[in-house]
Amino acid sequence: MAWWKAWIEQEGVTVKSSSHFNPDPDAETLYKAMKGIGTNEQAIIDVLTKRSNTQRQQIAKSFKAQFGKDLTETLKSELSGKFERLIVALMYPPYRYEAKELHDAMKGSRDDVSSFVDPALALQDAQDLYAAGEKIRGTDEMKFITILCTRSATHLLRVFEEYEKIANKSIEDSIKSETHGSLEEAMLTVVKCTQNLHSYFAERLYYAMKGAGTRDGTLIRNIVSRSEIDLNLIKCHFKKMYGKTLSSMIMEDTSGDYKNALLSLVGSDP
């Protein structure tokens, strides 16, 4: 079934590798877009939002080789505001982008940290859940409640994976065997909601734009980080959950080059 999994993953992607890719003309296009007075923002959007992250790294190397300049630093000097923040985010390799965002969060300059997972803490939580249930006679229900109700969805997904390795059974099966009644029902509901990651990200995107103001950090981070993973699937859940498309909400809530770049990353409506 590996082919099926690969197909599903590809279907979820909104930003794909460009066919017949050559980094040299792309680097030249970007150079010309930023050379002299004024900047051709649309040319930057057309190149960087239509290339995979791996291809963007190759473009950056070509840019440096051809023109002797760092592409990311050049973009920073030519762009500004939320548009700059989005375009620069695209230039980080995924692992560096997540590390940067986590570092910013620790300094208190980011919107939230709930998209990030500490693997060591996830493993410890899994071990604590096992110790509170399967490993002992009876159940430390408060430990289950504390972990399930105070951890982020992305963190809990990692906890559930680690738990299954330790206990050789799913967290759902353990909850069913260790609890009963309304507590069992409540815990199973938390697990089921957590395990639908696409709905989780749809919710995060919706609330990033709902109401007065926009949580641009959350919006940029989730679109950039999921565009090469499952943003198409998130878009489908977004429409089912809120009765409107992600693109339409972006159009209502953002403007200018920032809006155009976001829409290019999001792609066509489901």
Side-chain angles (χ1 to χ4, degrees), residues 12-15 41 44-45 48-49 53 72 75-76 79-118 149-158 190 193-194 196-267 269-270:
V13 170
T14 59
V15 176
E41 287 86 355
I44 294 171
I45 293 170
L48 295 181
T49 66
N53 191 275
T72 301
L75 288 164
K76 288 179 180 179
L79 308 178
S80 62
K82 292 175 281 191
F83 180 56
E84 175 198 345
R85 186 175 180 181
L86 173 59
I87 294 299
V88 169
L90 291 173
M91 294 308 303
Y92 282 95
Y95 67 92
R96 282 191 58 202
Y97 180 58
E98 292 191 5
K100 171 192 171 296
E101 290 290 286
L102 185 56
H103 179 261
D104 290 347
M106 290 176 176
K107 293 193 299 181
S109 60
R110 236 200 52 190
D111 297 314
D112 61 84
V113 296
S114 60
S115 293
F116 294 91
V117 177
D118 180 344
C149 295
T150 62
R151 305 294 193 257
S152 71
T154 42
H155 178 87
L156 285 175
L157 283 171
R158 182 66 175 265
V190 171
C193 291
T194 299
N196 192 333
L197 192 59
H198 301 130
S199 293
Y200 166 74
F201 279 110
E203 182 182 48
R204 295 205 58 70
L205 288 167
Y206 178 76
Y207 283 104
M209 295 180 282
K210 184 178 183 292
T214 305
R215 298 177 68 184
D216 294 291
T218 299
L219 186 61
I220 291 170
R221 182 172 58 259
N222 285 296
I223 287 178
V224 169
S225 65
R226 308 311 295 187
S227 62
E228 293 186 54
I229 301 174
D230 56 1
L231 188 53
N232 265 333
L233 302 176
I234 293 167
K235 283 158 51 180
C236 292
H237 282 266
F238 190 99
K239 188 173 183 180
K240 290 177 183 176
M241 291 165 68
Y242 302 112
K244 60 170 68 178
T245 65
L246 177 58
S247 295
S248 69
M249 201 161 179
I250 289 172
M251 291 180 70
E252 294 169 2
D253 215 63
T254 63
S255 61
D257 297 313
Y258 177 51
K259 176 189 73 175
N260 294 337
L262 287 170
L263 290 173
S264 185
L265 289 169
V266 167
D269 289 330

Quick check for you: to the nearest 0.5 Å, what is the distance between [X] atom [atom1] and [Y] atom [atom2]?
X: Met249; Y: Thr245; atom1: CE; atom2: OG1; value: 10.5 Å
X: Leu246; Y: Phe238; atom1: CG; atom2: CZ; value: 5.0 Å
X: Asp253; Y: Arg215; atom1: CG; atom2: CZ; value: 12.5 Å
X: Leu265; Y: Leu90; atom1: CG; atom2: CG; value: 5.0 Å
X: Lys239; Y: Asp269; atom1: NZ; atom2: CG; value: 6.5 Å

On a heavy-atom basis, the closest approach of Val88 and Tyr92 is O-CD1, 3.3 Å
Under 3.5 Å, is there a donor-acceptor pair between the side chain of [X] and the main chain of [Y]?
X: Asn196; Y: Ser199; answer: yes
X: Thr254; Y: Ile250; answer: yes
X: Thr194; Y: Val190; answer: yes
X: Glu228; Y: Asn53; answer: yes
X: Arg221; Y: Gly217; answer: yes

Are a donor atom and an acceptor atom from the side chains of His198 and Asp230 found within less than 3.5 Å of each other? yes
Testing Asn232, Ile229, Val266, Ile234 for side chain to side chain contact (heavy atoms under 4.5 Å, CB included) with Thr14, which one passes? Asn232
Heavy-atom neighbours of Met241 CE exceed 12 at 6.0 Å: yes
Give me the ring orientation class for Tyr242 and Tyr207: parallel if the planes are under 30° apart, tilted from 30 to 60°, perpendicular past 60°. perpendicular
Could you walk me through whether Lys244 and Glu252 pass the side-chain contact (heavy atoms from CB on, under 4.5 Å) check? CA-CA 11 Å; Lys244 60 170 68 178; Glu252 294 169 2; 3.7 Å; yes
